[in-house]
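See structure below.
Keep in mind the model is a prediction, meaning the values are calculated, not measured.
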Amino acid sequence: MTNITIAWMALPFFVGFLIYLLPKLSRFLALGVALLSVNYALAIFADPSFLLDIELLDSFGVTLKIDQLSGFFIITNALVTSAVIFYCWNTDKTPFFYMQATILHGSVNATFICADFISLYVALEVISIAAFLLITYPRTDRSIWVGLRYLFISNTAMLFYLVGVALVYKANNSFNFMGLPNAPPEAIALIFLGLLVKGGIFISGLWLPLTHSESQSFVSAMLSGVVVKTGVFPFVRCAQMIDEIDPIVRIFGVSTALLGVFWAIFQQDTKRTLAFSTISQLGFIMAAPEVGGFYALTHGFVKSALFLISGVLPSRNFQELRDKPMNNSLWIALAIASFSISGFPLLSGFGAKILTTKNLLSWQVIAMNVATVGTTIVFAKFIFLPHKKGDSEKKIQQGFWWAMVFLLGGLIVANAVYYEAYTINNIVKPLVTIATGWLAYLFIFRKLTIKLPRAIEEFEHLIGVMAIMLILVFWMVQVRGYA
C-alpha cells in the first residue's frame, strides 16, 4: 500500500503537466485523477482499522499518516473536484484551468496525509499558488486584485508559520506533529496563527468572504468545499494526537461557529452569506475534533453544491430573488443542500450534527446550540425563496445536474456513516431546532435590514488582525501551561 500511496500522491502533479501536452484530453485526465482519489478513499474505508505511516525522512520526522480521518477529507476533495469538472464540462474552460484544478486537487490531498510541519508547509504553498491562478482565471482587474489579496495574506501567514516550524525543529530535531508539546510557546503560537489564517478561522478568516464571493462560482465551490479545510485539518489531526492541543482547538471552534453565523444572518448577498457560513461551519469541525472528518465531508458536499447553484441563480441579491421565482428543479437542489446543513433527517447533515453534538464538552453545548439555530436561520433565507414551474430561467448546462448528482447524492449515501443517529430523541431535537430557526427567520430576521461594517475586511486591517491573533494565541498557549 505504501507504493500505491506514493504513486497516488504524485499522479495529479504528473497529470497536471501532461494536460498541456494532450489538451484535447484535459477534462478526461482531470476527472480520472479525481475519480482515482475516490477509489483510494474507499479503499481506506473498506478497513475500519486502516492505518498507514510512511516515514520519508526518518531523521527529520517527515512522515505521512493515512487513516479514517484522512479518508473523510480525501473523498470530500475527490467528489467536490469531480463535481466542479462536470460543472465546467461543456464550457469554454481551457486546459490551463484543468491543469490548475488537478494540481490543486493533488496538493490538497497531500495536506490530508501529512503528519509533519514541513511537508504541510510545502503542500499549503502549492495550494496558495494554484488557488491564486484559479481565482484570477477570468483575468479581470477585480479578479486579479482579489487573487493578489488572497496570495499576499496567505504568504504572510505562512511566513509566521515557517518561523514556528523552525523553532519546533530546533527543540526536537524533528518536524513531526508530535514535537509540538516540547516546542516553546512562541513556536506553537506562530504555527497556529498561520493555520488559523489559512483555514479562515475566527477573525483570522475575515479575508474569506470577499475571496469566496468574488471568485467564479465553480472556484468558490472548490475554495469553500475543500481548500479552507487544509488549514483546519492540521488542527483536527493535532487535537487527536496531542491532548494538550484539544482545548485550544475547541475554543477556536466555538468562537468561529458563533462569529460566522452572526455575520451570515445579516448578509443580503447569496455568495457572501455562503462565505460567512463557511467560516461558521469550520468552527463546527473544530468544536469536536474526534468526529471532525464526517462533518467536513458533509459540509464540503453542501457548500460546494450551494456555490454552484448560486452561479445559476437569476440574481445574487436576496430581495431580487424574492421578486424573481426560480425554476422548481433548481429550488429542489437548493432546498436539499439547505436542509442537510440545517440538520434535517434523511441527509448526512443530520448524522454529522448529532455526532458532533454527542462529542461536545459540557461548556460547549449552549454556544453550539445557538450556532445551530443560527445556521437554520441562515439557510431559511434560501429555503423560503419563491419558485415556480416553468422554463423562464436561463438554460442550465447538463454538467450542472451531473455535479448535483455527485454532491447531493453524496449527502444521501453518507447517511450510512452514522445510521445509529436515527432514534426518536435524536430526530425530535433537530426538527425542533429547525422549526425554531424558521420561525425566527419568518417573524424577525426576514424583516430586518442591518448592514454590518466591512471595514475589518479591508486589506490593511486583515494584516493588523494577524498581530492581534498572534498575541491572543500566545496568551492561550501560556495559559495552557506550555511555558
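- The number of heavy atoms from other shown groups lying within 6.0 Å of CG (L448) is above 12.
- Taking 4.0 Å as the cut-off between side-chain N and carboxylate O, R149 and E214 do not count as a salt-bridged pair.
- Taking each heavy atom of Q240 and P289 in turn, the nearest pair found is NE2-O, 2.9 Å.
- When every heavy atom of M158 is checked against every heavy atom of G194, the shortest pair comes out as SD-O, 4.5 Å.
- Note on R237 versus E290: no salt bridge recorded, every NZ/NE/NH1/NH2 to OD/OE distance being 4.0 Å or above.
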So S338 and L306, side-chain contact (heavy atoms from CB on, under 4.5 Å) or not? Walk me through it.
CA-CA 8 Å; S338 299; L306 288 170; 4.0 Å; yes
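- Here CD1 of I203 is found 6.0 Å from CD1 of I456. Values are rounded to the nearest 0.5 Å.
- When the shell of 6.0 Å around CG of L51 is examined, it contains more than 12 heavy atoms from other residues, nucleotides or ligands.
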Is there a side chain to side chain donor-acceptor pair (under 3.5 Å) between T423 and N425? Walk through the geometry before answering.
CA-CA 6 Å; T423 65; N425 290 337; 5.7 Å; no
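- Atom NE2 of H299 is separated from atom OG of S280 by 8.5 Å, given to the nearest 0.5 angstrom.
- With a 4.5 Å cut-off on side-chain heavy atoms, I135 and Q216 do not count as touching.
- Annotation: side chain of P430 is not in contact with side chain of K353 (no heavy-atom distance under 4.5 Å).
- Taking the side chain as every heavy atom from C-beta outward, I309 and F382 never approach each other to under 4.5 Å.
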Applying salt bridge (Lys or Arg N to Asp or Glu O under 4.0 Å), run through E420 and K358 and close with a yes or a no.
CA-CA 12 Å; E420 297 94 337; K358 288 185 179 299; over 6 Å; no
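- Between T375 and T433, the closest side-chain pair of non-hydrogen atoms is not below 4.5 Å.
- Using cut-offs of 30° and 60° for the angle between ring planes, the W438 and F384 rings count as perpendicular.
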Could you go through the side chain to side chain donor-acceptor pair (under 3.5 Å) check for N317 and S315 one step at a time?
CA-CA 6 Å; N317 185 278; S315 172; 5.5 Å; no
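- Of the possible donor and acceptor atoms, one in the side chain of Q364 sits under 3.5 Å from a partner among the backbone N and O of L361.
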Verdict with reasoning, L282 to M286, per side-chain contact (heavy atoms from CB on, under 4.5 Å):
CA-CA 7 Å; L282 295 174; M286 294 176 64; 5.7 Å; no
Evaluate the criterion ring pair (Phe, Tyr, Trp, His ring centres under 6.0 Å) for residue pair F235 and F252; output intermediate values, then yes/no.
CA-CA 10 Å; F235 282 115; F252 276 117; 7.1 Å; no
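- S204 is linked by a side-chain contact (heavy atoms from CB on, under 4.5 Å) to L196, V197, M469, counting only residues two or more places apart in sequence or in another chain.
- Rounding to the nearest 0.5 Å gives a distance of 11.0 Å between OG1 of T211 and CG of L206.
- Here the side chain of T298 pairs no donor or acceptor atom with the backbone of S340 at under 3.5 angstrom.
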Worked check of side-chain contact (heavy atoms from CB on, under 4.5 Å) between V249 and V236:
CA-CA 8 Å; V249 173; V236 176; 5.6 Å; no
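- Using cut-offs of 30° and 60° for the angle between ring planes, the H212 and W207 rings count as perpendicular.
- For residues 84-95, the set of pairs meeting the side chain to side chain donor-acceptor pair (under 3.5 Å) definition, not counting sequence neighbours, comprises T94-Y137.
- A donor-acceptor pair under 3.5 Å is formed between the side chain of N415 and the backbone N or O of L346.
- Remark: I251 pairs with S255, W363, M476 by the side-chain contact (heavy atoms from CB on, under 4.5 Å) rule, at least two apart or across chains.
- Shown here is R454, whose CZ atom has no more than 12 heavy atoms of other residues, nucleotides or ligands within 6.0 Å.
- In this structure, the side-chain contact (heavy atoms from CB on, under 4.5 Å) partners of S342, at least two apart in sequence or on a different chain, are T376, F379, I434.
- Although no hydrogens or angles enter the test, the distance criterion places a donor-acceptor pair under 3.5 Å between the side chain of S107 and the main chain of I103.
- A centroid separation of 6.0 Å or more is found between the aromatic rings of F344 and F350.
- Checked by atom type and distance alone, the side chain of K381 pairs as donor or acceptor with a backbone atom of Q267 at under 3.5 Å.
- No donor-acceptor pair under 3.5 Å is formed between the side chain of R316 and the backbone N or O of G311.
- Judged by distance alone, with hydrogens and angles left aside, the side-chain atoms of N359 form no donor-acceptor pair with the main-chain N or O of A288 at under 3.5 Å.
- Of the possible donor and acceptor atoms, none in the side chain of T81 sits under 3.5 Å from a partner among the backbone N and O of A78.
- Taking both residues in full, the closest heavy atoms of I341 and S277 are given as CD1-OG, 4.3 Å, listed atom of the first, atom of the second, then distance.
- Distance check, rounded to the nearest 0.5 Å: CG of L134 to CD1 of I127 gives 12.0 Å.
- The shortest distance between side-chain heavy atoms of F73 and V108 does not fall below 4.5 Å.
- Qualifying side-chain contact (heavy atoms from CB on, under 4.5 Å) partners for T256, counting only residues two or more places apart in sequence or in other chains: I201, F202, I279.
- For an aromatic pair to be called close, the ring centres must be under 6.0 Å apart, and F294 with Y418 fails this.
- The line from CZ of F96 to OG of S26 is 13.0 Å long, rounded to the nearest 0.5 Å.
- Residues I66 and I54 meet the side-chain proximity criterion, which asks for heavy atoms closer than 4.5 Å.
- Taking CE of M9 as the reference point, atom CZ of F112 lies at 14.5 Å (rounded to 0.5 Å).
- Under the ring pair (Phe, Tyr, Trp, His ring centres under 6.0 Å) criterion, F307 pairs with no residue, sequence neighbours left out.
- Judged by distance alone, the side chain of S224 and the main-chain N or O of A221 form no donor-acceptor pair under 3.5 Å.
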Derivation and outcome, side chain to side chain donor-acceptor pair (under 3.5 Å), residues N109 and S37:
CA-CA 9 Å; N109 277 342; S37 292; 3.1 Å; yes
Under the criterion side-chain contact (heavy atoms from CB on, under 4.5 Å), I'd like the reasoning laid out for L355 against Y295: C-alpha separation, chi angles, the key distance, then a yes or no.
CA-CA 9 Å; L355 194 58; Y295 203 100; over 6 Å; no
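- Residues L452 and F262 have side chains in contact (heavy-atom distance under 4.5 Å, counting atoms from C-beta outward).
- In this structure, K198 forms no cation-pi arrangement with Y161, as its terminal cationic atom is not both closer than 6.0 Å to the ring centre and no more than 45° off the ring axis.
- The closest donor-acceptor contact from the side chain of S128 to the backbone of S154 lies at 3.5 Å or more, if one exists at all.
- In this structure, P345 and L431 have side chains that are in contact, with non-hydrogen atoms separated by less than 4.5 Å.
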Please assess T372 against N369 for the test side chain to side chain donor-acceptor pair (under 3.5 Å), listing each intermediate value before the final yes or no.
CA-CA 5 Å; T372 301; N369 282 338; 4.9 Å; no
